[in-house]
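Quick note on labels: first sequence line is chain A, next is B, and so on, each numbered from 1.
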Protein chains: 2
Amino acid sequence: MTEVAAKGVSVLLVDDHPIVRQGYRRVLESQGDLHVVAEADNAADAYSAFKAHDPDVVVMDISMPGASGLEAIRNIRARNPRARILVFTMHNEAVLVKAAFGAGASGFVTKSSEPSAVVKAIRSVNRGERAMSDDIAHVLAEDSLSPSGSVLDQLGEREIEILRQFAGGATTEQIASHLNLSVKTVQNYHYLIKAKTGARTDAQLVRLAATCGLTKI
Amino acid sequence: MTEVAAKGVSVLLVDDHPIVRQGYRRVLESQGDLHVVAEADNAADAYSAFKAHDPDVVVMDISMPGASGLEAIRNIRARNPRARILVFTMHNEAVLVKAAFGAGASGFVTKSSEPSAVVKAIRSVNRGERAMSDDIAHVLAEDSLSPSGSVLDQLGEREIEILRQFAGGATTEQIASHLNLSVKTVQNYHYLIKAKTGARTDAQLVRLAATCGLTKI
DNA sequence: TCCGGCTTGGGAAATTTGCCCGAGCCGCCC
DNA sequence: GGGCGGCTCGGGCAAATTTCCCAAGCCGGA
């Protein structure tokens, strides 16, 4: 380790919108102790940039085109398990939050947060603490989270298969027919999957399946 | 015209994410001639701020909670038909672009654009010109060439907005609350959208919205 | 062996869907 | 002006689905 820590916190910014990155950079650098050492606009570049710059904190929007942001988190953590990744996105669904923490994120802050809260979260994760914005804490609290890993890890084979077909656009009858199950059973799985993943809506389920790479859109 | 240029361009920033506004403000003000005179995080406040400050250019993200951004555009234009409004959003669906220009926007720039392109667009609309980013021009060009048109072209403004929120993971109650509609109306729109697009499943609807660029996953 | 999890479905109440309807409003065309 | 068609907004009601509860068989592990 160099003396970088004493001089402040180095940050890798990952967001697919250039001007948004530009804005963050200015907000962060106006703090004095935060230094943006690199930017990336997709998952692959984020990984390359992480390897090249070894930043103290990665601030990442996980809703990017192309590869999943969750996958990027996993890749970075696989390379360096001590990496600090702060997810910074406008989404606030419990499923995504759990998936992000499950993938190895250290913090989750929504873009609805005040700049000061974001800066505070960056410093927190840099100290090795877990950080999340108030609205996320509220969402998780309501969801009464279970201490588990990746969202898909909670699902059995059948559940994953049914989720895949469902997210792919199949009707309940079609799934039942494909898998030789009763419609009732498929409905029960449907309900169970939502309960396990914390998805409140079919749409959230589809998004979950997509972000986890279970289905492509 | 020359006097205005000498004094700079006053800007009203409308975006529902505080830190995003903060970032834009810094980016714009670093240009020297652009001055952010007010900010707003919803359509109603945008209108109030416009009345209070009469800015040269309104830079607005149309994907905000509450009333439609398109509605805000119409309100502002109704008050002052010479108002210059630059839509600045991450969406790049042809339908949305056309709707925005139809509502009275002077420009449409995506957040994928370089900061320099955004700044250029602000100066353009301030001169009374129409402005759009390259990707938007591309989208519109392809759209005008396609004989069969997008599926979304069959949908009205309200239907598109409801589809967008639904595909984004919002529940029926949340959508009804956001748009000040009864749950029943949202349900009816839900059904109507499925009928119009031919989607048999909510999942298919989400995929449709995603492939049309209405929502990101 | 017994526990726990997966798989498969029944049942019943609550909710939503599917499709009908009408009313108000606005723009367009004759 | 008058009619026509569209979008918007919601009521109504039967049919379907969702939401939970439950049980039973199976299988792997402690």
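Both tests pass for Arg130(B) against the ring of Phe101(B): distance under 6.0 Å to the centre and angle within 45° of the axis.
Taking atom CD on Glu161(A) and atom C1' on dT7(C), their separation rounds to 14 Å, with Å as the unit. Taking atom CD1 of Ile160(A) as the reference point, atom C1' of dT7(C) lies 15 Å away to the nearest angstrom. Taking atom CD1 of Ile162(B) as the reference point, atom P of dT17(C) lies 13 Å away to the nearest angstrom. Distance Ile193(A) CD1 to dG5(C) P: 18 Å, rounded to the nearest Å. Distance CG (Leu192(A)) to C1' (dT8(C)): 12 Å, rounded to an integer number of Å. Summarising the geometry, the separation between NE2 on His190(B) and C1' on dT17(D) is reported as 12 Å, rounded to the nearest angstrom. Separating the CG atom of Asp202(B) from the C1' atom of dT18(D) is a distance of 12 Å, rounded to the nearest angstrom. The distance between atom CD of Gln187(B) and atom C1' of dA15(D), rounded to the nearest whole Å, is 14 Å.
Where Asn188(A) and Val186(B) meet DNA chain D, the nucleotide closest to each residue was compared, and Val186(B) sits on the side nearer the 5' end.
Val87(A) places a side-chain heavy atom less than 4.5 Å from the side chain of Ile73(A).
The residues Asp16(A) and Lys111(B) are annotated as not salt-bridged, no charged nitrogen and carboxylate oxygen being separated by less than 4.0 angstrom. Residues Arg164(A) and Glu161(A) are paired through a salt bridge, judged by an N-O separation under 4.0 Å between the basic side chain and the carboxylate.
Distances shorter than 4.0 Å separate none of the side-chain N or O atoms of Thr185(B) from OP1 or OP2 on dC9(D). Regarding contacts with the backbone of dC19(C), a side-chain N or O of Tyr191(B) is found under 4.0 angstrom from either OP1 or OP2. When the side-chain nitrogen and oxygen atoms of Ser182(A) are compared with OP1 and OP2 of dG9(C), one or more of them lie within a distance under 4.0 Å. Between Lys194(A) and dT18(D), a side-chain N or O to OP1/OP2 separation shorter than 4.0 Å is absent.
With hydrogens and angles ignored, a donor-acceptor pair closer than 3.5 Å exists between the side chain of Lys184(B) and the base of dG18(C).
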Between Tyr24(A) and Phe88(A), does a ring pair (Phe, Tyr, Trp, His ring centres under 6.0 Å) hold up when you go through it step by step?
CA-CA 11 Å; Tyr24(A) 295 167; Phe88(A) 183 44; 5.0 Å; yes

